[in-house]
**Q** 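Handing you a structure now.
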Amino acid sequence: MLTFPDLAIDLDVRGVSKHYRQHGKDFTAVDDLSLRVPKGAFCSILGPSGCGKTTLLRMIAGFIEPDAGEIFIGGNSMRGVPPNRRPANMIFQHLALFPMMSVGENVAYGLARRGIAKKLIQHQVDAMLERVGLAGAAVKRIDQLSGGQKQRAAIARSLVLEPTLLLLDEPLGALDLKLREHMKLELKQLQAQIGTTFVYITHDQSEALVMSDFIAVMNQGKFEQTGTPQDLYYRPQTAFVAGFVGNSNRLSGRMGAGAGSVAQVDDGPALFVSPQQAFPPGRSLALFIRPEAIVLACPPAPLENFANRLSGKVLSLFFDGANSTVLIRLDDSDIELHVALFQNGFHADIHPGDTVSLGIAAEHVLAFAV
Amino acid sequence: MRPANRLLLWLLLAPAVLWLGLLIVLPHLEILMLSLRQRVAPHEYAFSLQQYATFFDEPLYWHTFARTALISLLATLLTLLLAFPVAWHIAKVARGRSKALMLALLLLPFWASEMVRTLGWVILLRGSGVIPQWLFHLGLTAEPVELLYNDASILLGLVYSSLLFMLIPLVNALETLDDSLVEAAYDLGGSRVNILRQIILSHAAPGIAAGSVMVFMLTLGNYLTPVLLGGKNSMWFTEQIYTQFITRFNWEQGAAFALLLLVLSTLMVWVGLKLTGQGFGETLRRT
Amino acid sequence: MIPSIPQSARSRLLRTAYLALFFLFLLLPLTVVVIFAFNDAPYPLPPWRGFTLDWFFAQGDRIGLFHDEEMLASLWQSTRIALWVTALSLLVGTCNAFLLERCRFRGQRLLSLAMLLPLVIPGVILGISILAFMSRLAQFADDTWGVELEFLRPGLPLIVLGQFSYIVSIATLTIAARLKRFDTALEEAALNLGASRWAIFRTIILPYLRPALFGAGAIAFLLSFENFNTTYMLTGSDAPLTVLMYGRMKEGATPVLNAVSLMLMLFSALLAGIVYRRKPD
């Protein structure tokens, strides 16, 4: 767990659990979780669907009562505080903008519930809409807005209440790919600009990596690892994180008997693995190698600097601009590896059937006990 | 459940219970009791099946009953046959403005009251009315013929009154049929008859069931149309019920008739839904 | 067949002809009703004797609609009944919709089916069963306490109850169907923005239900206005419009009936127009 000694903590989740009964079986959606989010941070909770992240978010918002544990927002316990009294506002998955109201009325809704004078509301709404780039859109109907504008309207509706915490429930999920890429950057910039603490849940690792200050990876009701995007990407601590964050070649194998960290890949070569963890000989392992960590030499050439030197044959080429990869089958085995192609023109003439040499540094072969 | 929620539940439940209890359940128990008693002396009653015996002994009564059921069935069938092509056209062929216009035209007669529609048919069909006069002037008949007060005029009026209740569920059912299913069947070599039977009718079955059940019930319980278009010869069962209640003031007999009609109606609805494998609730919600 | 499947010219022609005949059949009765409202003859029958507005405005030998006291009284009676039925149906229908869509309790499925029952009971039977039951209640009150409960005898209150007993089913279906489609995320969003339960009902749910309430209200009003089967059994001395028209038709119709029919159609069309114009939201 990360600690933030000199920052105020806006969200403090302490040992929270939630169980459900489903089809007569007990099911733990959230299992004794703790999380601390400092003021002004962009925190993402990343996990596959069904991992319990939505339950956690809804407990923070107050729609679900936890079975155990306690949640503090801005230093105050939220026990027994109904959702309409919590200083946390939520951006819903499908935004939940009120279709029967104009954009302005939507943004004014929370202020009006506080009984603030109409004139003052008007002023605040206009200022907030301008801030999110929707100046002059107050009189528009919701269905007149584009997907991105709806996002901003929903954010404005929550931010105008100046919440301690903004909760975001995969709000980009419904957008098409291009707009999603754009909104990622926009959301990140907006958060940096206004400084409100964001808690963002998503199953999309790219969203989490791009936007977050730190990420909690969640699986089966527990956090697998909490850390900065770089931590998660370069130094995953569990097989789940290594597999879930970023792309990897996953191989299964066994710890070798000899000295040094050598793993024997099932039906494949022996590989020097990252020495950060020691395993007893014979231990089953999951090995992860990122496609961009594999260096390709074509035509075959010695790769002296690499602990692992392999050769193989190109099976197919997946051209995708900067994300191009080749699929290579290692000689004398059925092992297939995805290898990134760097677009420096060096590998422009690679073709299926070519024989190539591969080099992988030992620290790029991550091993986890399974 | 929190106490506040409990209170709210009871508050919401109260009107429903009052409505169903006081206006539906108890009144029907009342006519059940009425139908099973006989006056033995002023203000003295005894249990009796006399009312039901009378029904079976008196040919007029059960003839009327059977006739009402048969004509209602016939009317339902005719309505379905007449409405189906129109429903198909509206659901699948017509687009945009012409579709909206057709739907509006369909609704028009039904936004007008049944009384108005029946008045129209009386004006059209009477011996001195529009159609007999035309036929006479065109030389098709030697003298103006009376087209009103026969079974055909009753049937005509019933079918006319029922069309909307058949069309709406049919249109709704056909609109949900994906055009590409028909195209695929055609592409795979299906004949028109086969496509109609295997693709269209099987898809529209819930709509057909809903429409037919609705039409049958409404026809069976209709009073105005048979009486005004059938005149003295209408022999419609609801008329018997009214006669017993209002003219003869024989409530016991009227209650027995009412129950018999209710049983017939319920039975036919049940059979209709069973035959097409439909649930009661979902069928009614369709219409 | 659908347009994308080839079809011979003959079958296209046949279908067009069928549709034309069908709509002719549909509109013919209404057309003659309208035409003969303006015929200068004592009966709404051919031949055409010239155009007149007597059946609307005359006040002498012929009595036009607007001077026909009995007819105007029945129109007013029908209006009062329809207003009551509409108000009651909307109120109870909304309660029922919340009961069916928002509450969970034992017997709920059964109750939701029971709420549909009035739709499958012939109107005649609804009328006489309510008449019989209410008469028994009135008799009971008279025998036991010696009080005469006038409202349990045929008259406006009984007509209202009789019509309400099945119209509320339709109102319930309409309102519940819309409430079912309500996205509860909107409610959560409002709660999240600080709204109280009552504020959510007032600012989110009610505006959302408004089209259904308008639709159900219009339908309730029209169904009440044109109901005959149930009403006939429960009518006391003040006949509503349909009962009066029925009596007049049996005596022999005069074009005043056509005139009032025309007014009814215009009114219905107006109401329908309002409802359909509101549809988009």
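The sequence lines fix the lettering, A, B, ..., with proteins before strands; numbering per chain opens at 1. These numbers come from a predicted model, not from an experiment. We use all heavy atoms of the structure for the numbers below, so side chains are in, but hydrogens, waters and symmetry mates are not.
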**Q** Are C:P118 and B:W19 close enough that some pair of their side-chain heavy atoms sits under 4.5 Å apart?
**A**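 A side-chain contact under 4.5 Å exists here.
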**Q** If I measure from the heavy atoms of chain C, does B:I123 come under 4.5 Å with its side chain, its backbone, both, or neither?
**A**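 Both backbone and side chain of B:I123 come within 4.5 Å of chain C.
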**Q** Flag the pair C:L241 / C:L264 as yes when at least one side-chain heavy-atom distance between them is below 4.5 Å, and no otherwise.
**A**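 They are in contact (side-chain heavy atoms under 4.5 Å apart), so the answer is yes.
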**Q** Identify which part of C:F22 has an atom lying under 4.5 Å from any heavy atom of chain B, answering side chain, backbone, both or neither.
**A**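 Just the side chain, heavy atoms under 4.5 Å.
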**Q** Among the options B:L125, B:T118, B:V130, B:L218, pick out the one with the most heavy-atom pairs lying under 4.5 Å from chain C.
**A**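 Option with the greatest count: B:V130.
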**Q** Picking from C:T242, C:V32, C:V260, which has the most non-hydrogen pairs under 4.5 angstrom with chain B?
**A**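 Highest number of heavy-atom pairs under 4.5 Å: C:V32.
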**Q** Chain B heavy atoms under 4.5 Å from C:L26: which part of the residue, side chain, backbone, both or neither?
**A**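 Both backbone and side chain of C:L26 come within 4.5 Å of chain B.
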**Q** Mark yes or no for whether C:N229, through its side chain, and C:P122, through its backbone, hold a donor-acceptor pair below 3.5 Å.
**A**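 Absent.
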**Q** Which residue out of C:A269, C:P29, C:C103, C:S261 racks up the most heavy-atom pairs below 4.5 Å with chain B?
**A**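 So the answer, after comparing C:A269, C:P29, C:C103, C:S261, is C:P29.
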**Q** Could you check which of C:V168, C:L27, C:L223 has the highest count of heavy-atom pairs closer than 4.5 Å to chain B?
**A**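 Highest number of heavy-atom pairs under 4.5 Å: C:V168.
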**Q** Output the option from C:I121, C:L137, C:L91 having the highest count of non-hydrogen pairs under 4.5 Å with chain B.
**A**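 Counting heavy-atom pairs under 4.5 Å, the top option is C:I121.
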**Q** Counting heavy-atom pairs under 4.5 Å with chain C, which one of B:T238, B:D179, B:L224 comes out on top?
**A**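 The residue among B:T238, B:D179, B:L224 with the greatest pair count is B:L224.
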**Q** Taking the ring of B:W121 and the ring of B:Y160, is the distance between their centroids below 6.0 Å?
**A**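 Yes - the distance between ring centres of B:Y160 and B:W121 falls below the 6.0 Å cut-off.
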**Q** Side chain from CB out, backbone as N, CA, C, O: work out which of these in B:M102 comes under 4.5 Å of a heavy atom of chain C, or both, or neither.
**A**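 Interface part for B:M102: both.
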**Q** Is there a donor-acceptor contact under 3.5 Å from the side chain of C:R109 to the main chain of C:R106?
**A**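 Side chain of C:R109 to backbone of C:R106, a donor-acceptor pair under 3.5 Å: no, none is there.
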**Q** Hey, would you say the C:F201 and C:F98 ring centroids sit under 6.0 Å apart?
**A**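 Yes, the ring of C:F201 comes within the 6.0 Å limit of the ring of C:F98, centre to centre.
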**Q** Using modelled atom types only, decide if a donor and an acceptor are shared between the side chain of C:N258 and the backbone of C:F38 within a distance under 3.5 Å.
**A**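 Side chain of C:N258 to backbone of C:F38, a donor-acceptor pair under 3.5 Å: no, none is there.
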**Q** Kindly say whether the aromatic ring centers of B:W134 and B:F136 come within a distance under 6.0 Å.
**A**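 So the answer is no for these two rings.
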**Q** Nearest heavy-atom pair of C:S89 and C:A171: which atoms, and what distance?
**A**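 For C:S89 and C:A171, the tightest heavy-atom pair comes out as O-CB, 3.7 Å.
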**Q** Relative to chain C, which segment of B:L163 carries a heavy atom at a distance below 4.5 Å: side chain, backbone, both, or neither?
**A**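 Only the side chain of B:L163 comes within 4.5 Å of chain C.
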**Q** Is C:N96 close to chain B through its backbone or its side chain, or both, or neither, when contacts mean heavy atoms under 4.5 Å?
**A**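 Answer is side chain: those atoms of C:N96 sit under 4.5 Å from chain B.
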**Q** If you measure from the Lys or Arg side-chain nitrogens to the Asp or Glu carboxylate oxygens, is any gap between C:E101 and C:R178 under 4.0 Å?
**A**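 No salt bridge links C:E101 with C:R178.
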**Q** Give the member of C:L88, C:V33, C:I128 that has the highest number of heavy-atom pairs under 4.5 Å with chain B.
**A**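 Ranked by contacts with chain B, first place is C:I128.
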**Q** For side-chain hydrogen bond (donor to acceptor under 3.5 Å, both in side chains), just list the numbers for C:N227 and C:Y232, CA-CA rounded to whole Å, side-chain angles, deciding distance to a tenth of an Å, and then say yes or no.
**A** CA-CA 9 Å; C:N227 181 281; C:Y232 190 41; over 6 Å; no
**Q** For residues B:T68 and B:E239, determine if any side-chain heavy atom of one lies less than 4.5 Å from a side-chain heavy atom of the other.
**A**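 Side-chain contact under 4.5 Å: no.
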**Q** Please classify the contact between B:L262 and chain C as side chain, backbone, both or neither, with a heavy-atom cut-off of under 4.5 Å.
**A**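 When you check distances to chain C, atoms from both the backbone and side chain of B:L262 fall under 4.5 Å.
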**Q** Distance-only, no hydrogens or angles: does the C:T230 side chain make a donor-acceptor pair with backbone N or O of C:Q163 under 3.5 Å?
**A**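 Such a contact is absent between C:T230 side chain and C:Q163 backbone.
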**Q** Using a cut-off of under 4.5 Å for heavy-atom pairs, which of B:L13, B:L220, B:L34 has the most such pairs with chain C?
**A**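 Highest number of pairs under 4.5 Å: B:L13.
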**Q** Is it the side chain or the backbone of B:Q133 that comes within 4.5 Å of chain C heavy atoms, both, or neither?
**A**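 It is the side chain, since no backbone atom gets that close.
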**Q** Given that the side chain runs from C-beta out, which part of B:L20 has a heavy atom under 4.5 Å from chain C: side chain, backbone, both or neither?
**A**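 The side chain, not the backbone.
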**Q** Check whether C:M115 gets within reach of chain B through its side chain, its backbone, both or neither, counting any heavy atom under 4.5 Å.
**A**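 Contact with chain B is through both the backbone and side chain of C:M115.
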**Q** Using non-hydrogen atoms only, which part of C:L222 is less than 4.5 Å away from chain B: side chain, backbone, both, or neither?
**A**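 The side chain, not the backbone.
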**Q** By a 4.5 Å heavy-atom criterion (distance strictly below it), what part of B:H28 contacts chain C: side chain, backbone, both, or neither?
**A**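 Both parts, backbone and side chain.
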**Q** Do the side chains of B:K92 and B:K99 get nearer than 4.5 Å, heavy atoms only?
**A**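 Result no, sub-4.5 Å side-chain heavy-atom pair not found.
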**Q** Check whether any side-chain heavy atom of B:V116 lies under 4.5 Å from a side-chain heavy atom of C:L257, and answer yes or no.
**A**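 No, every pair of side-chain atoms sits at 4.5 Å or beyond.
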**Q** Taking side chain as everything from C-beta outward and backbone as N, CA, C, O, which of these in B:L26 sits under 4.5 Å from a heavy atom of chain C? Side chain, backbone, both or neither.
**A**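 Interface part for B:L26: both.
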**Q** At a heavy-atom separation under 4.5 Å, does B:S128 approach chain C through its side chain, its backbone, both, or neither?
**A**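 Backbone plus side chain of B:S128, per the 4.5 Å heavy-atom cut-off to chain C.
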**Q** What part of B:V227 lies closer than 4.5 angstrom to a heavy atom of chain C: side chain, backbone, both or neither?
**A**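 Side chain of B:V227 only, per the 4.5 Å heavy-atom cut-off to chain C.
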**Q** For atom CZ of C:F140, decide whether the heavy atoms of other residues, nucleotides or ligands shown that lie under 6.0 angstrom number more than 12.
**A**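 Open.
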**Q** Any heavy-atom pair between the side chains of B:L23 and C:F164 that's under 4.5 Å?
**A**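 They are in contact (side-chain heavy atoms under 4.5 Å apart), so the answer is yes.
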**Q** Side chain, backbone, both or neither: which part of B:I31 has a non-hydrogen atom closer than 4.5 Å to chain C?
**A**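 For B:I31, side-chain heavy atoms alone lie under 4.5 Å from chain C.
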**Q** Let me know if C:S169 has heavy atoms under 4.5 Å from chain B in its side chain, its backbone, both or neither.
**A**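 Both parts, heavy atoms under 4.5 Å.
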**Q** Would you mind checking which part of B:I24 comes under 4.5 Å of any heavy atom in chain C, side chain (CB onward), backbone (N, CA, C, O), both or neither?
**A**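 The side chain, not the backbone.
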**Q** Go through the atoms of B:L105 and report whether side chain, backbone, both or neither lie under 4.5 Å from a heavy atom of chain C.
**A**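 Contact with chain C: backbone and side chain both.
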**Q** What option among C:V34, C:V92, C:L131 has the most heavy-atom pairs under 4.5 Å with chain B?
**A**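 Answer, by heavy-atom pair count under 4.5 Å with chain B: C:L131.
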**Q** Can you confirm if the aromatic rings of C:F221 and C:F267 lie within a centre distance of less than 6.0 Å?
**A**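 Yes.
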**Q** Is C:L266 in contact with chain B via its backbone, its side chain, both, or neither, using a 4.5 Å heavy-atom distance?
**A**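 Answer is neither: C:L266 stays 4.5 Å or more from chain B.
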**Q** For B:Y223, which atoms come within 4.5 Å of any heavy atom of chain C: side chain, backbone, both, or neither?
**A**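 Both backbone and side chain of B:Y223 come within 4.5 Å of chain C.
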**Q** Is chain B contacted by the side chain of C:F25, its backbone, both, or neither, given a heavy-atom distance below 4.5 Å?
**A**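 Both backbone and side chain.
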